[in-house]
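I have placed the structure first, in the form of structure tokens, so that the comments after it can refer back to it.
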Amino acid sequence: MNNPAGGQSSKSKAGSSQPSETSFKRKRGVFQKELQHMMYGFGDDQNPLPESVALMEDIVVEYITDLVHKAQDIGSKRGKLSVEDFLYLIRKDFPKLNRCRELLSMNEELKQARKAFETDEEKLRKAFETDEEKMRKAFEADEDKHGSTE
């Protein structure tokens, strides 16, 4: 039977790499360079076909969007979204879970290093300001002692 509305069948929509009409509009090509490098790293040509990159981007964005929606569903029970919600969703994919934990650990190390650097920088700045203030006071005292001779 023909569809009187003239719409696409679910089969043709499922095979399409285009987003459905109900999905939001998004800027395409945002991850193009990163995906080209990743595809090359996994054995593709150094300059893969634009269609291949666009398809990969659609797949990646769909995966991430789906993952975020699932995490939001989990987090809404507590009232907030957290990193643990994402870790829970990928708990059965050990390589992905281990990589996430590794990246989170490195992120924490970087935060601590930045904090230590800022603290050291703050101490140096205060020491410099103190030395500068001492020099200014010594100069003023010397100037007061000798007075201006002109």
Side-chain angles (χ1 to χ4, degrees), residues 1-140:
M1 296 245 136
N2 287 343
N3 186 352
Q8 292 181 330
S9 71
S10 61
K11 279 188 177 181
S12 63
K13 281 186 181 178
S16 172
S17 66
Q18 301 298 320
S20 68
E21 293 174 26
T22 59
S23 71
F24 62 95
K25 299 278 184 193
R26 69 175 181 86
K27 188 175 176 183
R28 295 200 173 270
V30 175
F31 305 113
Q32 183 177 5
K33 278 290 181 198
E34 291 83 0
L35 285 170
Q36 284 178 337
H37 292 298
M38 289 175 69
M39 290 169 71
Y40 179 63
F42 281 99
D44 203 336
D45 188 63
Q46 189 166 7
N47 295 311
L49 293 172
E51 295 85 2
S52 299
V53 177
L55 178 63
M56 286 297 296
E57 183 176 32
D58 288 343
I59 292 168
V60 168
V61 168
E62 183 179 334
Y63 173 78
I64 292 172
T65 303
D66 185 48
L67 193 68
V68 169
H69 286 149
K70 288 178 182 176
Q72 282 178 327
D73 290 343
I74 293 169
S76 67
K77 295 172 186 169
R78 283 190 324 278
K80 67 176 187 175
L81 185 62
S82 71
V83 172
E84 285 73 27
D85 298 328
F86 290 95
L87 295 175
Y88 174 78
L89 289 172
I90 60 170
R91 70 191 181 278
K92 294 180 181 175
D93 189 345
F94 293 114
K96 211 176 284 179
L97 181 63
N98 289 334
R99 180 65 175 151
C100 284
R101 286 182 175 157
E102 179 185 357
L103 291 171
L104 288 168
S105 174
M106 284 193 293
N107 189 40
E108 192 59 38
E109 288 177 26
L110 285 171
K111 280 183 186 177
Q112 291 174 358
R114 280 189 205 105
K115 187 176 179 181
F117 179 74
E118 288 172 1
T119 303
D120 291 346
E121 192 175 71
E122 182 67 23
K123 286 178 185 176
L124 286 172
R125 187 179 60 76
K126 285 182 181 178
F128 179 73
E129 287 174 353
T130 303
D131 288 347
E132 193 175 66
E133 183 67 23
K134 286 179 184 176
M135 288 176 58
R136 186 181 60 75
K137 285 181 180 179
F139 178 74
E140 288 174 356

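Quick caveat, the model's predicted, so the values are computed rather than measured.
- The shortest non-hydrogen separation linking A71 to L89 is N-CD1, 3.4 Å.
- When every heavy atom of Y63 is checked against every heavy atom of K96, the shortest pair comes out as OH-NZ, 3.0 Å.
- Rounding to the nearest 0.5 angstrom, the gap separating the CG atom in L55 from the CD atom in E57 is 10.5 Å.
- The distance from atom CE of M38 to atom NZ of K33, rounded to the nearest 0.5 Å, is 15.0 Å.
- Going from atom CG of D73 over to atom NE2 of H69 covers 8.5 Å, rounded to the nearest 0.5 Å.
- Screening K70, R78, K80 for a side chain to side chain donor-acceptor pair (under 3.5 Å) involving D85 leaves a single residue, R78.
- V68 places a side-chain heavy atom less than 4.5 Å from the side chain of Q72.
- Here the CZ atom belonging to R101 is positioned 8.5 Å from the CD1 atom belonging to I90, to the nearest 0.5 angstrom.
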For L67 and F86, run side-chain contact (heavy atoms from CB on, under 4.5 Å): C-alpha distance rounded to whole Å, both residues' side-chain angles, the deciding distance at 0.1 Å, then the answer. CA-CA 8 Å; L67 193 68; F86 290 95; 4.1 Å; yes
From CA spacing to verdict: side-chain contact (heavy atoms from CB on, under 4.5 Å), F31, V61: CA-CA 9 Å; F31 305 113; V61 168; 3.9 Å; yes
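- Annotation: side-chain contact (heavy atoms from CB on, under 4.5 Å) contacts of D44 (sequence neighbours excluded): M39, P48.
- In this structure, the side chains of S105 and L103 stay at 4.5 Å or more apart for every pair of heavy atoms.
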Sequence neighbours left out, cut at 3.5 Å: what donor-acceptor pairs do the side chains of residues 106-117 make with other protein atoms?
none

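- For Q32, the side-chain contact (heavy atoms from CB on, under 4.5 Å) test picks out Q36, V53, with sequence neighbours left out.
- Within the model, atoms OG of S52 and CG of L35 stand 11.0 Å from one another, a figure rounded to the nearest 0.5 Å.
- Here the straight-line distance linking atom CD1 of I74 with atom CG of L81 works out to 9.5 Å at 0.5 Å rounding.
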